[in-house]
Amino acid sequence: MSSNSLPLNAIPILSSYARLQQDRVTGKMVLVYPEGVLLLNETASAVLKLCDGHTDLATICSKLCEQYSASAESLIADVQAYLHRLHQRNLIIFEDEPPSSDQNRQ
């Protein structure tokens, strides 16, 4: 799946072994998974908070446009690319997508 092929009706959700939490030391949001931790900037955190398994990509982008006063054109491409990278690492799945073999090895 390429970042350009993420449809706007795709519904992202964190994989079952990744979780979003606040770092106790820095107070910043992090994405924790068995192999490590991703430190998140404010925008990445905002995107992942909206990946709840109910909100589609179009709605996520719309909410982020309002929150950051950004244009939809640039924001959609950035969000698609970010979610694609997380999907490649099996940290994000899409609502109608079967689990990958990596996710079954928990």
Side-chain angles (χ1 to χ4, degrees):
M1 174 185 304
S2 75
S3 62
N4 294 334
S5 70
L6 290 179
L8 292 177
N9 65 346
I11 300 174
I13 187 169
L14 291 176
S15 74
S16 61
Y17 62 92
R19 72 181 184 277
L20 194 58
Q21 70 182 42
Q22 189 171 23
D23 182 76
R24 287 182 242 156
V25 176
T26 66
K28 294 186 178 192
M29 296 303 292
V30 294
L31 183 62
V32 180
Y33 55 101
E35 297 84 23
V37 175
L38 284 179
L39 302 174
L40 304 174
N41 63 24
E42 180 184 342
T43 312
S45 176
V47 170
L48 292 179
K49 286 178 182 176
L50 293 169
C51 293
D52 58 9
H54 303 287
T55 308
D56 65 20
L57 185 57
T59 305
I60 289 171
C61 291
S62 175
K63 289 180 179 187
L64 292 170
C65 282
E66 290 175 24
Q67 185 175 348
Y68 292 101
S69 300
S71 71
E73 296 80 30
S74 65
L75 194 125
I76 288 171
D78 290 346
V79 171
Q80 285 176 317
Y82 181 60
L83 291 179
H84 176 67
R85 287 192 307 271
L86 292 177
H87 183 261
Q88 288 179 311
R89 295 176 71 177
N90 294 316
L91 297 174
I92 288 284
I93 60 172
F94 294 93
E95 175 51 38
D96 59 350
E97 175 181 62
S100 74
S101 59
D102 288 342
Q103 291 169 326
N104 290 331
R105 288 190 281 172
Q106 299 179 32

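All of these numbers come straight from a predicted model, not from anything done at the bench. Numbering starts at 1 and runs along the sequence shown.
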Practice item. For Y17 and N90, indicate whether the former's side chain and the latter's backbone hold a donor-acceptor pair under 3.5 Å. Key: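 It does hold such a pair.
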
Closest heavy-atom contact between [X] and [Y]?
| X | Y | value |
| --- | --- | --- |
| K49 | L20 | CG-CD2, 3.6 Å |
| A72 | C65 | CA-SG, 3.6 Å |
| Q22 | G27 | NE2-O, 2.7 Å |
| Q80 | L6 | NE2-O, 2.7 Å |

Give, for atom [atom1] of [X] and atom [atom2] of [Y], the distance between the pair rounded to the nearest 0.5 Å.
| X | Y | atom1 | atom2 | result |
| --- | --- | --- | --- | --- |
| H84 | I92 | NE2 | CD1 | 13.0 Å |
| E42 | K28 | CD | NZ | 9.5 Å |
| L50 | D56 | CG | CG | 11.0 Å |
| L31 | S15 | CG | OG | 8.0 Å |

Check your understanding: What's the verdict on side chain to side chain contact (heavy atoms under 4.5 Å, CB included) for I11 and H54, showing C-alpha distance, side-chain angles and the deciding distance?
Key -> CA-CA 6 Å; I11 300 174; H54 303 287; 5.6 Å; no

Check your understanding: Can you tell which of I76, L75, D78 makes a side chain to side chain contact (heavy atoms under 4.5 Å, CB included) with L64?
Key ->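 Among I76, L75, D78, the one that satisfies the side chain to side chain contact (heavy atoms under 4.5 Å, CB included) with L64 is L75.
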
Heavy-atom side-chain proximity of [X] to [Y] below 4.5 angstrom:
| X | Y | result |
| --- | --- | --- |
| L83 | C51 | yes |
| D52 | I13 | no |
| L38 | L86 | yes |

Hey, quick one: are [X] and [Y] part of the same hydrophobic cluster, counting side-chain heavy atoms closer than 4.5 Å, chains of contacts allowed?
| X | Y | result |
| --- | --- | --- |
| L39 | V47 | no |
| Y68 | L48 | yes |
| L14 | V32 | no |

